[in-house]
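Protein chains get the first letters and strands the later ones, always in sequence-line order, with residue 1 at the start of each.
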Amino acid sequence: MEEKKLEQWFLKITDYADRLLADIEKLNGWPEPVKIMQRNWIGKSKGLEVDFKIKEAEAQRWYLGHKSLRVFTTRPDTIFGVTYMVLAPEHPLVQEFTRGTKYEQPVRAYLEKVKHRTMHEREESAGKDGVFTGIYAVNPANGQEIPIWVSDYVLLEYGTGAVMAVPAHDQRDFEFAEFNDLPVKIVIRPRDFESKFLSLKEAFPDEGIMVQSVQFDGQTSSEANQNIGDWLVEKGVARWKTNFRLRDWLISRQRYWGAPIPIVYCDICGAVAVEEKDLPVLLPRDVKFTGKGTSPLSYSQKFIEAVCPKCKGKAWRETDTMDTFICSSWYYLRYCDSKNSKAPFDREKANAWMPVDQYIGGIEHAILHLLYSRFFTKVLFDEGLVSSDEPFTNLLTQGMVVKDGAKMSKSKGNVVDPDHIIEKYGADTARMFILFASPPERELEWSDTAIEGAYRFLNRIWRIIHDKSKQQTSRIKTHPNQQNQTTKKLHQTIKAVSEDLEKFSFNTAIARLMELSNELSKADGLDHETLNTFLIMLSPFAPHIAEELWHELRNKDSICKQKWPKFDPVLIVEDELEIPVQVNGKHRDTIKVSAAAAEEDIKKTAQESEKIKKFISGSEIVKIIYVPKRMVNIVIK
RNA sequence: GCCGAAGUGGCGGAACUGGCAGACGCGCACGACUCAAAAUCGUGAGCCUUCACGGGCGUGUGGGUUCAAUUCCCACCUUCGGCACCA
């Protein structure tokens, strides 16, 4: 691998950071963990930007005295505890501070070392090493002079690329100070700690009482955070600021497959956007895939040569293509109007469908895809192209498929080819197993033997339909009790499966269907209505076999056009209840009572049970708790 | 390190709002059918104890609230996922 400096295109998603964060509130149909991940990713933090003046160290470098070093901090309350400052290695002032001084060489050597550090080495060093620049800054709070260091524990990309270090109250600063023998000054002490402590074993980042901070001594650190901040703002050396962790979205990719970036470069006009009438820019067909550094598009003469939309002079097309996340950020809008050749989508048609009522995707898209889609929707909303500013009302995040304890992936080589499963058992079995094995939002543990179970279940249904449908109604009349039992189970199943589907609880819905099929296989004969209803409930899970059996029962039309069955509330009622009886919370017996029985009668029956008598005889009954239709608990002393 | 999710039989998993823990399936054992096997059907089982009836224990660990806790509260352990010097 090689690092290269490239000039690339970004989308300014940071302009939407605040709205993307605030509108997470609106996403009531989204799982909480996804919302938390998005909040963390956006990473809003309120703080103070403070300017530290540079000390005029040497006469010939007088100009440095006019510079100041800007830092971002969320802890203005610790400013009296600053004992040094740190710049990111890439910070422009690093070069300026050291040019022509005796510090130039060691600093350059450090920068070189850091540049080639791998991720692993960075972790190893844990931000403990760094070098002094020879320059001092002045703490605007107390005029104290403090040394300015360089270290790669400070990131150029976040905040201002420079930090004020407070080793007493920040663990990273503490470790750095220990390693490099820099002073530690305590300015906050714990509430429950009376004497000032002399030394620390680790930083104290928590809330406490202010010390060694002049007029702020005695305040709580959270009070002082506001007060010191305001004080510095008043002095004109600081301003309140909000920073985001979210970066702008780099969309340039040096690959073929992706939408071309619609920009041309003109020697006179610079980078110019392709005019709307010439959109979309299509990918060229005459490309070579060389596997070398630049985008394959750069080898297509026809593609590269263009006319500048502004001056009509000669121009060159951008040869990078867009990140494929661009396309996945609005495809659902295109789905609303997929045949449109005039525009990406028609406003009215999109508004008729949007926002998406139920979106289902893997948990791996919790952040990027879902955040980018929200961003796109907000931009389009602002442009008046869609009427909703959030794309997905309800979100279900599927778990991943796991095999042998690891997530299934090509790189791990533990994939199961669905074609083999389908060839051996059929698509219905494959689907049945996947839905039955675990709830959709959880991981799915792949199991070859469990597939056999799904296959067996479908075979059993096949036999039930073939065997039971032949024996017709005459026998049923002789067994009215059994018929009632089957009908009751059928209607209970309709209720349960309907509710489970509503909750996306497919595994329990299938379990209910299995229970019903067990019941059906015990019956001597079954009417077509029962079997038809059963098949309709089966059809979402095993559409092929359901359709096939539907026609074997001489039904017309397709099963997927049938109405979902409704249960009869009268038929599902049990007329006899089994009530567990506890003594002091321990299950001792189960009694059978009529569903219509009064509370007093049930309590009486419970006490009359032989088993219960054994436990309660000779003891005083303190009270009897009856939870309607659920249980009786006799409390004795 | 921070944030999040989860921990239930041999296994995948159920359990509404605090009310019979283990639905349903896999695997296992035994039986039926068969010359035999496969397929199919039936029966059984959380663990310990008892010839048995029964009893005790049991939802990661330790406490707590309650007549009653897988479910609520506190502390901790483990696994998985996300972020990772974000000042």
What integer distance in Å separates [X]:[atom1] from [N]:[atom2]?
X      : N      : atom1 : atom2 : result
A/R245 : B/rC86 : CZ    : P     : 10 Å
A/F52  : B/rA87 : CZ    : C1'   : 12 Å
A/H91  : B/rC86 : NE2   : P     : 17 Å
A/E519 : B/rA23 : CD    : P     : 17 Å
A/L246 : B/rG82 : CG    : C1'   : 16 Å
A/K241 : B/rC86 : NZ    : C1'   : 13 Å

With [atom1] as the reference atom in both, quote the distance from [N] to [M] in angstrom, rounded to an integer.
N      : M      : atom1 : result
B/rC57 : B/rA6  : C1'   : 25 Å
B/rG10 : B/rC47 : P     : 7 Å
B/rG27 : B/rG9  : C1'   : 12 Å
B/rC24 : B/rA39 : C1'   : 22 Å
B/rA52 : B/rG58 : P     : 23 Å
B/rG31 : B/rA38 : P     : 13 Å
B/rA45 : B/rG1  : P     : 47 Å
B/rU70 : B/rU17 : C1'   : 15 Å

Give the minimum heavy-atom separation between [X] and [Y], together with the two atoms involved.
X      : Y      : result
A/I579 : A/R630 : CD1-N, 4.1 Å
A/S447 : A/A450 : OG-N, 3.1 Å
A/V150 : A/V86  : C-CG1, 4.1 Å
A/W41  : A/R245 : CE3-NH2, 2.9 Å
A/H369 : A/Y359 : NE2-OH, 2.7 Å

Practice task
Establish, from distance only, whether the side-chain atoms of A/N243 and A/S45 form a donor-acceptor pair under 3.5 Å.
Solution key: no
Problem - A/E207 side chain to A/S222 side chain, donor-acceptor N/O pair below 3.5 angstrom - result: yes
Polar atoms only, N or O, under 3.5 Å: list the protein pairs with nucleotides 39-44 of chain B and their distances.
| unit_1 | atom_1 | unit_2 | atom_2 | d |
| --- | --- | --- | --- | --- |
| B/rU40 | O3' | A/R463 | NH2 | 3.2 |
| B/rC41 | OP1 | A/R463 | NH2 | 3.4 |

Set of residues satisfying side-chain contact (heavy atoms from CB on, under 4.5 Å) with respect to [X], sequence neighbours excluded:
X      : value
A/A88  : A/E90, A/V154, A/L156
A/S498 : A/I494, A/W564
A/S517 : A/F457, A/I464, A/F534

What's [X] touching, base or sugar-phosphate or nothing? Going by heavy atoms closer than 4.0 Å.
X      : answer
A/S447 : nothing
A/V163 : base
A/G43  : nothing
A/M631 : base
A/Y626 : nothing
A/N518 : sugar-phosphate
A/E443 : sugar-phosphate

Problem - Below 4.0 Å: OP1/OP2 of B/rC57 and any side-chain N or O of A/K586 - result: yes
Handout entry: Side-chain N or O of A/R588 closer than 4.0 Å to phosphate OP1/OP2 of B/rC20
Key = no
Practice task
Taking the six-membered ring for Trp and the single ring otherwise, decide whether the centroids of A/F176 and A/W149 are under 6.0 Å apart.
Solution key: yes
Exercise for the section: Answer yes if the ring centres of A/F433 and A/W446 are under 6.0 angstrom apart, and no otherwise. Expected result: yes
Completion exercise
Between the CG atom in A/L246 and the CG atom in A/L371, the distance rounded to the nearest 0.5 Å is 6.0 Å
Exercise for the section: Any chance you could measure A/I591, atom CD1, to A/S609, atom OG, to the nearest 0.5 Å? Expected result: 7.5 Å
Exercise for the section: Could you list the residues that satisfy side-chain hydrogen bond (donor to acceptor under 3.5 Å, both in side chains) with A/E452, not counting sequence neighbours? Expected result: A/Y425
Fill in the blank from the handout: Sorted by chain and number, sequence neighbours left out, side-chain hydrogen bond (donor to acceptor under 3.5 Å, both in side chains) with A/K611 holds for none
Completion exercise
Within residues 492-511 of chain A, the residues having a heavy atom closer than 4.0 Å to RNA chain B are A/N507, A/T508, A/A511
Handout entry: Neighbours of RNA chain B within residues 359-373 of chain A, by heavy-atom distance under 4.0 Å
Key = A/I367
Fill in the blank from the handout: Per the O4'-C1'-N9-C4 / O4'-C1'-N1-C2 angle with a 90° window around 0, B/rG42 comes out anti
Fill in the blank from the handout: Heavy-atom nearest nucleotide on RNA chain B taken for A/R630 and for A/D170; more 5' hit belongs to A/R630
Problem - Ionic contact status for A/K241 with A/E49, cut-off 4.0 Å - result: yes
Practice task
Look at A/K489 together with A/E515 and state whether they make a salt bridge at an N to O cut-off of under 4.0 Å.
Solution key: yes
Exercise for the section: Kindly say whether A/I636 contributes a backbone atom to a donor-acceptor pair with the side chain of A/N584 at under 3.5 angstrom? Expected result: yes
Problem - By salt bridge (charged side-chain N to carboxylate O under 4.0 Å, His left out) - contacts of A/E610 (at least two apart) - result: A/K613
Practice task
Report yes if the side chains of A/K488 and A/E519 come closer than 4.5 Å at any heavy-atom pair, otherwise no.
Solution key: no
Can you check nucleotides 69-72 of chain B for protein contacts, nitrogen or oxygen pairs under 3.5 Å, and list what you find?
none

Problem - Nucleotide of B/rG13, B/rA87, B/rG25 approaching A/F436 most closely (side-chain heavy atoms) - result: B/rG25
Within the sub-3.5 Å range, which N or O atoms of nucleotides 3-6 of chain B have a protein N or O partner, and how far apart are they?
none

Exercise for the section: Would you write the dot-bracket representation of RNA chain B, where each base gets (, ), [, ], | or . depending on whether it forms a Watson-Crick or G-U pair under 3.5 Å and with which partner? Expected result: (((((((..(((......[....))).(((((.......))))).((((....))))..(((((..]....))))))))))))....
